[in-house]
Structure formats: C-alpha cells, structure tokens
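Working notes, beginning with the structure itself.
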2 protein chains.
Amino acid sequence: MKEFTIIDQTPTTPSKAFAIYEKKFKALADKKRLEIMNIVCQRGSVCVCDLTEIIDMSQSKLSYHLKILFDAKLLIKENRGTWSYYQLNEREVNHLLSEELCCLFRPSGR
Amino acid sequence: MKEFTIIDQTPTTPSKAFAIYEKKFKALADKKRLEIMNIVCQRGSVCVCDLTEIIDMSQSKLSYHLKILFDAKLLIKENRGTWSYYQLNEREVNHLLSEELCCLFRPSGR
DNA sequence: CAATTAAATCAAATATTTTTGATGTAAGGA
DNA sequence: TCCTTACATCAAAAATATTTGATTTAATTG
C-alpha cells in the first residue's frame, strides 16, 4: 500500500490523506472564512469580539466559522481569561498552499 | 481599494478573489474528487468510462464531480468523438497548492 | 440505417452545511 | 455578591450540495 506523509502526521494511506485534506479544503471553501483568515493574518492575533466589529457577522456565526478553521488546524487559539485569541497557523498554511496564494493572507507586504 | 491578482486574471478586489478561491477550494473539498484528481494525474489523461471502472462510481455521479473540478479550472477537458478526456490543469494546481501537496497528485515520483 | 456506446443533463430524494436566536458557562468588574 | 461581558454550544429552520435513476444527444459500430 502506497504511503503519504502529511505535515506533523505519521505516514498514512492515500485514502486517509484524502480525508484529512478534505477537511482542510472544506474549511477554506467559504469566502467568509477566507475573509476571516485574511483579517486574522493582517492583525496577527484577534479575539472574537473584535472580529464581530470588523466583519459584520453575529457572534455565534463567527464562533461557528472559527471552530471550523480551528478544527482544520488552519488557526491557532489562545485563551486569555474570557477572551479567545485566534492566530493564523502559518506552518500549516505554508505546507498547504502555494507561496503565491499565501500572499492572500499577507496583503500588506509582510 | 486593495487589489489582488489571481493566475490568468486581471487584478481584482479581495472580495472577488475570495469568491474565486472559494470555488476552487470547494472543488477540492471532497475526498472522492481528490481521488479523481489523483487518478487523473497518475494516468495523465482519462475518459469518463475508464474512470467509472477505476473508481466505483456511477457515470452520472462521476460526470457531476468532473464538472465541478472542470468549472473550478482544476481539470482540463478534451473532446474526441463521443469521448471526453480529462487532464490535470497543472498550471492552476501549481499556482494554488504547495509543492509538497502537489505531490499528492504525483504519487509515482513524477 | 438500426443498435450500441459515451457522456451530459434533469428532476426528485436525500444528506450535509449554514444561519438564527436562545441558553449556558465562566471570568471580570462594580 | 450581582451584573456584565466574552464566547461556546444547542436545536430548529433554511439553504446548499450530493445522489439516484431516467432521459437526451451525439458519435460510433455492425
């Protein structure tokens, strides 16, 4: 059986690799979530309440979308008191997307 | 207004860029379609009837999924008589995915 | 020309995702 | 301690996507 190795994972079968990538691409397959990724990246680190003001989106909706990105390991979460700060998982994004496309998440010449 | 440039497109707004990438990631956000991409890439060029035998999938289902990949410009189609031959759009895939990930579509050391 | 094959498309049924508004939990401040 | 704020989660409704089986179109074959 052919093996695939995915970032930070032990080698796996093609079929399991497809399932893992399916989840990551599903997370990226939404323009609102791409916008969230873009903003999170620009700001470096953002909490949910700040995001609700930046993008016009209800809190529960935002939490829902953030969870999808987080579960796909595209975002990192850090809890400080009652706040949750989200950051881009740069390592993961770099391993997934082309350099060119990573620029979508680095719009200010970073 | 900030501009983004996507492969083979005139510069566009972030919001339009997000919509275009949404479509491409949606196409990749399915393990069966990832498997199709993988097989198409291994074979170089495949027609629908060959694919139905390689992966266990009905003809109409396969046509449905191929259309999604084609509409997202991830596959190229060539009609020869009653046959449709599909190929990976390497240029597009290379511009979208990391080199590492492109290997998922080049499993035999190509 | 009739029969067969390849593949796209369609409409209905099914399944999955997303949205919405409400509720729960825990931390911080008065 | 009570009130407020931040955020996650929940269940029901709404919106999308996928599957299924049938039909259509057009090219090939006998």
Side-chain angles (χ1 to χ4, degrees), chain A residues 15 18-40 43-88, chain B residues 15 18-37 39-40 43-89:
Chain A
S15 134
F18 292 143
I20 290 170
Y21 285 119
E22 171 184 79
K23 187 169 185 175
K24 292 181 196 296
F25 288 128
K26 254 191 185 120
L28 292 170
D30 183 290
K31 56 189 157 202
K32 285 166 199 160
R33 289 196 290 267
L34 290 173
E35 197 189 339
I36 291 172
M37 293 278 286
N38 182 235
I39 291 165
V40 167
R43 307 254 164 169
S45 183
V46 208
C47 63
V48 183
C49 57
D50 286 349
L51 269 176
T52 55
E53 293 182 9
I54 299 165
I55 28 180
D56 182 43
M57 209 184 267
S58 72
Q59 179 265 316
S60 74
K61 204 165 160 180
L62 206 35
S63 283
Y64 169 77
H65 287 294
L66 285 167
K67 183 169 165 40
I68 286 172
L69 290 166
F70 175 75
D71 288 347
K73 299 199 171 82
L74 299 172
L75 292 183
I76 293 165
K77 175 159 79 160
E78 192 197 337
N79 297 110
R80 286 185 232 154
T82 43
W83 288 267
S84 292
Y85 284 84
Y86 286 89
Q87 264 188 278
L88 199 75
Chain B
S15 136
F18 292 142
I20 290 170
Y21 285 120
E22 172 184 80
K23 187 169 184 176
K24 291 181 195 298
F25 288 128
K26 252 191 187 120
L28 291 171
D30 183 289
K31 57 190 156 200
K32 283 167 202 160
R33 288 195 291 265
L34 289 172
E35 198 189 338
I36 290 171
M37 293 278 286
I39 290 165
V40 167
R43 306 255 165 166
S45 182
V46 208
C47 62
V48 183
C49 58
D50 286 349
L51 268 175
T52 54
E53 293 181 9
I54 299 166
I55 27 182
D56 182 42
M57 208 184 269
S58 71
Q59 179 266 317
S60 73
K61 204 166 162 179
L62 206 35
S63 283
Y64 169 78
H65 288 293
L66 285 166
K67 182 169 166 41
I68 286 173
L69 290 166
F70 175 76
D71 287 346
K73 299 195 171 83
L74 298 172
L75 292 183
I76 293 166
K77 175 160 78 160
E78 193 197 337
N79 297 110
R80 285 186 232 155
T82 43
W83 288 267
S84 292
Y85 283 85
Y86 287 89
Q87 264 188 279
L88 200 73
N89 187 343

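FYI, side chains are in, hydrogens and waters are out, and symmetry mates aren't considered; it's all heavy atoms of this structure. First the proteins, then the strands, lettered A, B, ... as listed; each starts at 1.
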Quiz item: At under 4.0 Å between heavy atoms, what does A/Arg33 touch on the DNA or RNA strands: base, sugar-phosphate, or nothing?
Solution: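 Sugar-phosphate contact only - A/Arg33 comes under 4.0 Å of backbone atoms but never of a base.
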Quiz item: Contact class for B/Ser60 (heavy atom, under 4.0 Å): base, sugar-phosphate, or nothing?
Solution: base
Interatomic distance, [X] atom [atom1] to [Y] atom [atom2] [nearest 0.5 angstrom]:
X	Y	atom1	atom2	result
B/Ile39	B/Leu51	CD1	CG	6.0 Å
A/Ile55	A/Asp50	CD1	CG	11.5 Å
A/Phe25	A/Phe18	CZ	CZ	11.0 Å
B/Leu34	B/Leu69	CG	CG	8.5 Å

Identify the two heavy atoms, one from [X] and one from [Y], that lie closest to each other, and give their separation to 0.1 Å.
X	Y	value
B/Leu88	B/Leu75	CA-CD2, 3.9 Å
B/Ile54	B/Arg43	CD1-CZ, 3.5 Å
A/Thr52	A/Ser58	CG2-C, 4.4 Å
A/Ser63	A/Val48	OG-CG1, 4.3 Å

Exercise. Under the side-chain contact (heavy atoms from CB on, under 4.5 Å) rule, what do A/Val46 and A/Ile36 come out as? Steps first, then yes or no, please.
Key: CA-CA 10 Å; A/Val46 208; A/Ile36 291 172; over 6 Å; no
Quiz prompt | Residues in side-chain contact (heavy atoms from CB on, under 4.5 Å) contact with A/Ser45, at least two apart in sequence or another chain | solution = A/Arg80, A/Tyr85, A/Gln87
Exercise. Over 60° means perpendicular and under 30° means parallel, so classify the ring planes of B/Tyr86 and B/Phe70, tilted if in between.
Key: perpendicular
Quiz item: In whole Å, what is the span from the NZ atom of A/Lys61 to the C1' atom of C/dT17?
Solution: 13 Å
Exercise. Take A/Ala29 and A/Gly81, find for each the nucleotide of DNA chain C with the closest heavy atom, and name the residue whose nucleotide sits nearer the 5' end.
Key: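 Nearest nucleotide further toward 5': that of A/Ala29.
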Exercise. Note down the inter-axis angle between the two ends of the helix from C/dC1-D/dG30 to C/dA30-D/dT1, five pairs each, to the nearest 10°.
Key: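 Roughly 20°, once rounded to the nearest ten degrees.
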Quiz item: Could you give the start and end, 5' to 3', of the contact zone on DNA chain D for chain A, using atoms under 4.0 Å from its heavy atoms?
Solution: D/dA6 to D/dT9
Quiz item: Could you walk me through whether A/Leu28 and B/Leu28 pass the side-chain contact (heavy atoms from CB on, under 4.5 Å) check?
Solution: CA-CA 10 Å; A/Leu28 292 170; B/Leu28 291 171; over 6 Å; no
Practice problem: Kindly state which residues belonging to residues 65-74 of chain B come within less than 4.0 angstrom of DNA chain D, counting heavy atoms of the residue only, listed by number. | Solution: B/His65, B/Ile68
Self-check item: Pairs where residues 22-34 of chain A contributes a residue and the test side-chain hydrogen bond (donor to acceptor under 3.5 Å, both in side chains) is met, not counting sequence neighbours
Solution: A/Lys24-A/Glu92, A/Arg33-A/His65
Quiz item: For nucleotides 1-7 of chain C, read 5' to 3', which letter fits each nucleotide if B means a protein heavy atom sits under 4.0 Å from the base, S means only the sugar-phosphate is that close, and - means neither?
Solution: -----SB
